[in-house]
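Scroll down for the structure; my scribbles are underneath it.
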Amino acid sequence: MAATNKELWCDETYLGIFRHGYRVTKLAHAEQTPFQKLEIFDSDEYGRIMTLDGCLMTTDRDEFVYHEMIAHVPLFTHPRPRRVLVIGGGDGGTLREVMRHPSVELGLLVEIDERVVETSRQYLPKTSVGLSRPGVRVQCGDGVRFVRETSEKFDVILIDSTDPIGVATPLFGEDFYQQVHRVLSDDGIVVAQGESPFFTPDLQKKMLAILGKFFPIRHLYNMSNISYPGGLWSFLFASKKHCPLKGLDEKRVKASGLSFRYYTPALHRASFVLPQFMLDNCEGLLSPVTG
Ligand code: SPD
């Protein structure tokens, strides 16, 4: 946090090459957990803000963008998602969206840092409400170890991780995705937060190459928010059977009666249409967009 002319700012420096900041009114909470530095800021414009190791995770103002897009794109692609696993996502926002789907019977959250869950419950009520929905199980532990050891199967797995530094690094590795593939049902789908197409093109290529070892269908899709460096942000999508465009049934979205602030079926489709620089970067690694 920086103080300039009596203004307080919460700044994020991303990869040591890009800095952005929010004017805040106070540092509401700060602690070093066993895994990372956890801070909560109050602000007039953005509501509560949570950072982990100085990386901005979520703000009250625009959390809906990320949480709707990580959840509804795969859940409306899968014809009947019943069992959903969220790795990370201790703030509860992803689960909040997952549990709105009437077919979902289990939403299991495996978050390594219990303090993220507890602090979110205390400071981010609007987001963490997802942690208390019927059908939710919250397990604090290592997601890598969980997928290695579990005998449970899931229809959809969502990797709602922090950036690939520190504690989240193994969630961007091949061994992890081999296990994710093993615990997915025969028509399962995995979506992971996929970082910035502007700043981390090599990471996106590396991740698609890993997914290509296990999954016949691989895509990137984009969203745009205020909070993540550069605004444009990607998700990795990999599937054993269902294509994110052919699988989307707009009548089902309508019949669900769910209302959204960012997601629409048209946006679901459009988010898979990538700018030329991303297509060039990922040439040969993406499945064709059809449907
Ligand atoms: N650069 C930020 C990427 C963080 C993605 N996860 C955010 C957690 C919100 N549930």
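Read the numbers this way: they start at 1 and go in the same order the structure lists the ligands and their atoms. Predicted, not measured: the structure shown is a model, and the values here were computed from it. Just so you know, residue 1 is the first one in the sequence shown, and it goes up from there.
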* **Protein contact of atom 8 (C) of ligand 1 - nearest heavy atom, named by residue and atom, plus distance** => D160 OD1, 3.2 Å

* Does ligand 1 have any atom sitting under 4.0 Å from a heavy atom of E12? -> no

* Can you find an N or O of Q193 that's nearer than 3.5 Å to an N or O of ligand 1? -> no

* Side chain, backbone, both or neither: E63 near ligand 1, heavy atoms under 4.0 Å -> neither

* Asked: For ligand 1, is any non-hydrogen atom under 4.0 Å from S161's backbone (N, CA, C, O), its side chain (CB onward), both, or neither?
  -> backbone

* Please say whether the positively charged group of R48, taken as NZ for Lys or CZ for Arg, lies over the ring of Y123, i.e. under 6.0 angstrom from the six-membered ring centre and within 45 degrees of the axis. => no

* To do: With heavy atoms only and a cut-off of under 4.0 Å, state how Y14 meets ligand 1: side chain, backbone, both or neither.
  => neither

* To do: Run the salt-bridge test on R115 and E118 with the 4.0 Å N-O cut-off and return the result as yes or no.
  => yes

* Would D91 and T127 count as having a side-chain donor-acceptor pair, cut-off 3.5 Å? -> no

* **For atom 7 (C) of ligand 1, the protein heavy atom that lies nearest, with its residue and separation** => Y228 OH, 3.2 Å

* Structure fact -> side-chain contact (heavy atoms from CB on, under 4.5 Å) test vs V98 passes for just one of I70, L106, V84, V156, namely V84

* Got the closest protein heavy atom to atom 9 (C) of ligand 1, with its distance? -> D91 OD2, 3.1 Å

* Stepwise side chain to side chain donor-acceptor pair (under 3.5 Å) test for Y22 and S227 -> CA-CA 9 Å; Y22 293 79; S227 294; 3.2 Å; yes

* Is the closest basic N to carboxylate O distance between R145 and E149 below 4.0 Å? -> yes

* Structure fact -> Taken to the nearest 0.5 Å, the spacing of L56 CG from T162 OG1 works out to 12.5 Å

* Specify the protein heavy atom at minimum distance from atom 3 (C) of ligand 1: its residue, its atom name, and the distance to 0.1 Å. => D163 OD1, 3.6 Å

* Do the ring centers of F272 and F237 come within less than 6.0 Å of each other? -> yes

* **Contact (N/O only, under 3.5 Å) between T94 and ligand 1** => no

* Is the gap between the ring centers of F235 and Y221 under 6.0 Å? -> yes

* Within a distance under 4.0 Å of any heavy atom of W233, pick out the atoms of ligand 1 and give their elements. => 1 (N), 3 (C)

* Structure fact -> Within 4.0 Å of some non-hydrogen atom of H67, the atoms of ligand 1 are 9 (C), 10 (N)

* To do: Pick one of side chain, backbone, both or neither for how T127 approaches ligand 1, counting any non-hydrogen atom pair under 4.0 Å.
  => neither

